[in-house]
Amino acid sequence: MLSLRVSLSPNSNITLTNRSNQYNFRTKVLATTTNSSSNSYNAAAMELGRGPAVALPEGLKLELMPKHVAVIMDGHRRWARQKGLSVEQGHRAGGEKMQVLTRLCNQWGIKVLTLFAFSTENWTRPKEEVDFLMELCLDLASSQENLDECTRENIRFSFIGDKSILSKSLREALILREETTKSNSGLHVMVALNYSGRQDILQATKSIASKVNNGHLTVKDIDNNIFEQELETHRAEFPEPDLLIRTSGEQRISNFMLWQLAYTELYFAKKLFPDMEEEDFIDALKSFQPRERRYGGSQKI
């Protein structure tokens with residue numbers, strides 16, 4: 001789980017300190033260009049329905065860019081331990097890195113970015129850490145400055161997961177953030193908060209069963225489309241990720257979007273999430289672009 005602050009300034013600094021250590025964490029993002037090649041890219045992006053964006057980095061092709069990228073942001077506590085910092089400082093550093101990723105996805109015309117921020121299993125962590133993370137979520141959702149930035153950048157927010165056990169103040173703040181940004185047509189950021197892939201499937205099943213029981217559906221009506229409309233990701237234009245990135249060297253999906261990831265391409269980065277740089281995200285996209293996605297069909301000849 002990260003600090004969910006999304007500040008889109010070109011350069012950001014954060015100084016993390018404890019009694020005996022100081023760490024200066026500086027992020028880097030692409031500068032917006034106004035040359036003719038950028039204008040040509042913008043025209044092509046508009047034709048593909050991606051909206052205006054800056055030129056892609058060398059080696060990436062617009063027509064092969066994923067529309068939906070999901071990220072399991074892993075390694076914040078390990079990162080902090082390696083640097084002699086507190087767990088809270090690790091989460092804050094990850095939040096700074098998320099600023100970079102959000103800006104890049106917005107610039108590169110990616111339509112949906114889903115971030116696995118807090119799982120249903122994360123409640124077993126120390127209470128002090130969980131309380132800190134929930135407070136960070138509340139700070140973000142309540143930040144008028146952050147909301148103004150998202151409005152300028154045309155970013156939309158959704159929060160998926162079971163919000164019933166969150167504090168009333170946090171639930172209200174999340175709802176307000178969703179309502180305020182719902183008309184934005186740029187990058188759609190979905191934050192998975194108290195989320196479980198199994199629970200998502202279970203609640204969809206219960207909803208369909210209830211509709212059958214009430215006579216609103218018949219068993220014969222149930223198909224993939226009906227089921228997918230009951231999943232929490234139905235609100236996204238592209239609900240199934242094209243690419244899943246997991247950091248920190250772990251090679252599992254950890255109960256994340258189990259239905260939606262059926263044909264998603266997977267990329268496992270060895271770096272801890274706070275250590276991920278722009279070049280590392282580019283490498284993930286370069287790995288994705290040449291893959292032939294057959295969805296169980298035959299290879300094209």
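Start at 1 with the first residue, then count along the sequence. For the numbers below, each heavy atom of this structure counts, side chains included, while hydrogens, waters and symmetry mates do not.
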To the nearest 0.5 Å, what is the distance between [atom1] on [X] and [atom2] on [Y]?
X: T233; Y: M190; atom1: OG1; atom2: CE; result: 5.5 Å
X: D275; Y: T247; atom1: CG; atom2: OG1; result: 9.5 Å
X: L113; Y: W108; atom1: CG; atom2: CH2; result: 11.5 Å
X: L193; Y: T120; atom1: CG; atom2: OG1; result: 11.0 Å
X: S196; Y: E232; atom1: OG; atom2: CD; result: 10.0 Å
X: K286; Y: E279; atom1: NZ; atom2: CD; result: 9.5 Å

Which ILVMFWY residues are connected to L176, directly or by a chain of links, through side-chain heavy atoms under 4.5 Å apart?
->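 Besides L176, the cluster holds no residue at all.
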
Can you check salt bridge (Lys or Arg N to Asp or Glu O under 4.0 Å) on R156 and E237, steps first, answer last?
-> CA-CA 12 Å; R156 174 187 173 193; E237 181 182 3; over 6 Å; no

Contact list for residues 202-217, test salt bridge (Lys or Arg N to Asp or Glu O under 4.0 Å), sequence neighbours left out =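 Matches after skipping sequence neighbours: K211-E230.
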
Which pairs, with at least one residue in residues 259-268 and sequence neighbours excluded, count as a salt bridge (Lys or Arg N to Asp or Glu O under 4.0 Å)?
->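 Applying salt bridge (Lys or Arg N to Asp or Glu O under 4.0 Å) to every pair that reaches into residues 259-268, excluding sequence neighbours, yields E265-R291, E265-R293.
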
Side chain to side chain donor-acceptor pair (under 3.5 Å) partners for [X], two or more places apart:
X: E228; result: W259
X: R171; result: none
X: N213; result: none
X: T218; result: D221

State whether the side chain of [X] and the backbone N or O of [Y] hold a donor-acceptor pair below 3.5 Å, judged by distance alone.
X: R246; Y: L266; value: no
X: T181; Y: N184; value: no
X: D162; Y: S164; value: yes
X: Q89; Y: S86; value: yes
X: K97; Y: M276; value: yes
X: H234; Y: L231; value: yes
X: E153; Y: C150; value: no
X: N194; Y: K163; value: no
X: T151; Y: L147; value: yes
X: N214; Y: H216; value: no

Below 4.5 Å, heavy atoms only, C-beta onward: do [X] and [Y] meet side chain to side chain?
X: R92; Y: F132; value: yes
X: L85; Y: W79; value: yes
X: E129; Y: R77; value: yes
X: L174; Y: L170; value: yes
X: P239; Y: H68; value: no
X: L243; Y: L285; value: yes
X: V112; Y: K67; value: no
X: V69; Y: F281; value: no

Can you check side chain to side chain contact (heavy atoms under 4.5 Å, CB included) on C105 and L101, steps first, answer last?
-> CA-CA 6 Å; C105 286; L101 178 58; 3.9 Å; yes

If I compare all heavy atoms of [X] with all of [Y], which pair ends up nearest, and what's the gap?
X: A70; Y: M257; result: CB-SD, 4.4 Å
X: S169; Y: L138; result: O-CD1, 3.7 Å
X: F116; Y: A192; result: CD1-CB, 3.8 Å
X: T264; Y: P241; result: OG1-O, 2.7 Å
X: L261; Y: F256; result: CD1-O, 3.0 Å
X: G90; Y: P274; result: O-CG, 4.2 Å

With sequence neighbours left out, write down each residue that passes salt bridge (charged side-chain N to carboxylate O under 4.0 Å, His left out) with [X], or none if nothing qualifies.
X: R78; answer: D74, E250
X: R198; answer: none
X: D280; answer: K271
X: K220; answer: none

Do we see a donor-acceptor contact under 3.5 Å between the side chains of N225 and Q229?
->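 No pair is found: no donor N or O on one side chain lies under 3.5 Å from an acceptor on the other.
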
Passing option when F118 is tested against F159, Y195, W123 for ring pair (Phe, Tyr, Trp, His ring centres under 6.0 Å) |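 Of the listed residues F159, Y195, W123, the ring pair (Phe, Tyr, Trp, His ring centres under 6.0 Å) partner of F118 is W123.
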
Common cluster, [X]/[Y], ILVMFWY with side-chain heavy-atom separation under 4.5 Å:
X: L258; Y: Y263; value: no
X: I201; Y: V219; value: yes
X: V130; Y: V87; value: no

Relative to each other, are the rings of F273 and H76 parallel, tilted or perpendicular (30° and 60° limits)?
->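 Aromatic pair F273/H76 classed perpendicular.
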
Test side chain to side chain contact (heavy atoms under 4.5 Å, CB included) applied to M65 and I110, step by step = CA-CA 7 Å; M65 289 290 287; I110 291 169; 4.2 Å; yes

All ring pair (Phe, Tyr, Trp, His ring centres under 6.0 Å) counterparts of F238, not counting sequence neighbours |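 Counting only residues at least two positions away or on another chain, F238 forms no ring pair (Phe, Tyr, Trp, His ring centres under 6.0 Å).
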
